Amino acid sequence: MYVLDNLSTILYYTFAVIISAFLLLLTLLYASEQFRKLWFSWFYTIFCTQFIKRGGNAIRAKLFEKLSRFHTEDQSKQLVILEIGPARGNNFEFYPSNCRIIALDYNSYFEKYFLQNKSKFPNIICENFVNGMAEDMRQIQDNSVDVVVATYVLCSVKDRTKTLQEIQRVLKKGGTYYFMEHVGYPHTCVKNIILFAIQLILQPFWYAFFGGCHCHRQSWSHIERAGFQKLHLNYEYPTEMAFIARAHIWGTAITQ
Ligand SMILES: C[S@@+](CC[C@H](N)C(=O)[O-])C[C@H]1O[C@@H](n2cnc3c(N)ncnc32)[C@H](O)[C@@H]1O
């Protein structure tokens, strides 16, 4: 009886400590954007990347199939890629050798993880990590890049319409935007509508722990309306991913 009493007291205090720590972390994540950025740079790099790679890399391989085969003998014709929101650089392994990358991310805490990861890819030229917003990429000139890559980014930006306008502004005529996003379940059947409702319920927690991300955004409609000349849009549900971020869109959009 004494042992049982002790055990239940220990369990009670352990539970109380875990709940208090969870609530404290949640409060800090909501109260401070700086803390949210710091937390997310660590959490995404150390914890999430391995899970994201499981389901996401098969899609990345399809998305970047043509791009990774890009080749030119003429080094003056290097492909210029602007990657928005690269975080630690999960797309490095899909880039061709003869490209120059401009990385733009609003979370400067990612820079150290980005540089650590980049050192494993000596073939990739990346001059700088620009600390800037996708909605206002004033550091990047009009018609200056061949390719824009943004994977799992529209879920987090504050304004998707402005971001897509900025992508079209910086792309050269005929340039390509490569995208992959986890999205809100499309309302195509009852099961998807229920899953979408669960995404809505979990959204406040998701937002705090995942750096201001929105798991329920149906971003395909923004891309469709953005005015690209040609759009190749695919839907996919990688079963390796947790159901909350399983619905995916990916593809390319070409500027006029
Ligand atoms: C979920 S991570 C995706 C990282 C990486 N692209 C990948 O595929 O694994 C989202 C990234 O977008 C960045 N981000 C979010 N909102 C942004 C904004 N408004 N402007 C620029 N970067 C932004 C975050 O800092 C983070 O690096």
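Ligands are counted one by one from 1 in listed order, and the atoms in each one are counted from 1 as well. Residues take their numbers from the sequence shown, with the count starting at 1. Since this is a predicted model, take the numbers as computed values, not measurements.
Nearest protein heavy-atom neighbour of atom 25 (O) of ligand 1: D105 OD1, 2.6 Å. The nearest heavy-atom contact from the protein to atom 10 (C) of ligand 1 is Y152 O, 3.2 Å. The single protein non-hydrogen atom nearest to atom 11 (C) of ligand 1 is G85 O, 3.5 Å, given as residue, atom name and distance.
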**OP:** For salt bridge (charged side-chain N to carboxylate O under 4.0 Å, His left out), just list the numbers for E33 and K158, CA-CA rounded to whole Å, side-chain angles, deciding distance to a tenth of an Å, and then say yes or no.
**Re:** CA-CA 13 Å; E33 188 175 18; K158 292 192 170 64; 3.3 Å; yes
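Looking at Y106, F114, Y44 and measuring to atom 15 (C) of ligand 1, the nearest heavy atom belongs to Y106.
Contact annotation: for F110 versus ligand 1, heavy atoms closer than 4.0 Å belong to the side chain alone. Heavy atoms of R60 found under 4.0 angstrom from ligand 1 belong exclusively to the side chain. Contacts between E135 and ligand 1 below 4.0 angstrom, taking non-hydrogen atoms only, involve the side chain exclusively. Residue contacts with ligand 1 for P86 involve N, CA, C or O but no side-chain atom from C-beta outward (heavy atoms, distance under 4.0 Å).
When each atom of ligand 1 is checked for a heavy atom of A87 under 4.0 Å away, the hits are 4 (C), 27 (O). Each of the following atoms of ligand 1 lies closer than 4.0 Å to a heavy atom of N90: 7 (C), 9 (O). Within ligand 1, the atoms closer than 4.0 Å to a non-hydrogen atom of G132 are 20 (N), 21 (C), numbered from 1 in the order shown. Close approach to M133 involves these atoms of ligand 1, each under 4.0 Å from a residue heavy atom: 19 (N), 20 (N).
Some N or O of A134 is nearer than 3.5 Å to an N or O of ligand 1, by distance alone. In terms of polar-atom proximity, T151 is counted as a contact of ligand 1, with an N or O under 3.5 Å from an N or O of the ligand. Considering both main-chain and side-chain atoms, I84 never comes within under 3.5 Å of ligand 1 through any nitrogen or oxygen pair.
Under a cut-off of 6.0 angstrom, the local environment of CD in Q141 is sparse, with at most 12 non-hydrogen atoms contributed by other residues, nucleotides or ligands. Atom OH of Y235 is surrounded by more than 12 heavy atoms from other residues, nucleotides or ligands within 6.0 Å. For K112, the NZ atom counts as loosely surrounded, since its 6.0 Å shell holds 12 or fewer non-hydrogen atoms of other residues, nucleotides or ligands. Taking a 6.0 Å sphere around NZ of K62, one finds it holds more than 12 heavy atoms contributed by other residues, nucleotides or ligands.
For the ring-ring contact (aromatic ring centres under 6.0 Å, His included) criterion with F64, the lone passing option out of Y178, F179, F70 is Y178.
Looking only at atom types and distance, the side chain of Q34 has a donor-acceptor partner in the side chain of Y109 under 3.5 Å away. A donor and an acceptor atom, one from each side chain of N90 and T151, are nowhere located under 3.5 Å apart.
Annotation: cation-pi geometry satisfied between K37 and Y106 (NZ/CZ under 6.0 angstrom from ring centroid, within 45° of ring axis).
Taking the six-membered ring where the residue is Trp, F228 and Y177 present parallel rings, their angle staying beneath 30° rather than reaching 60°.
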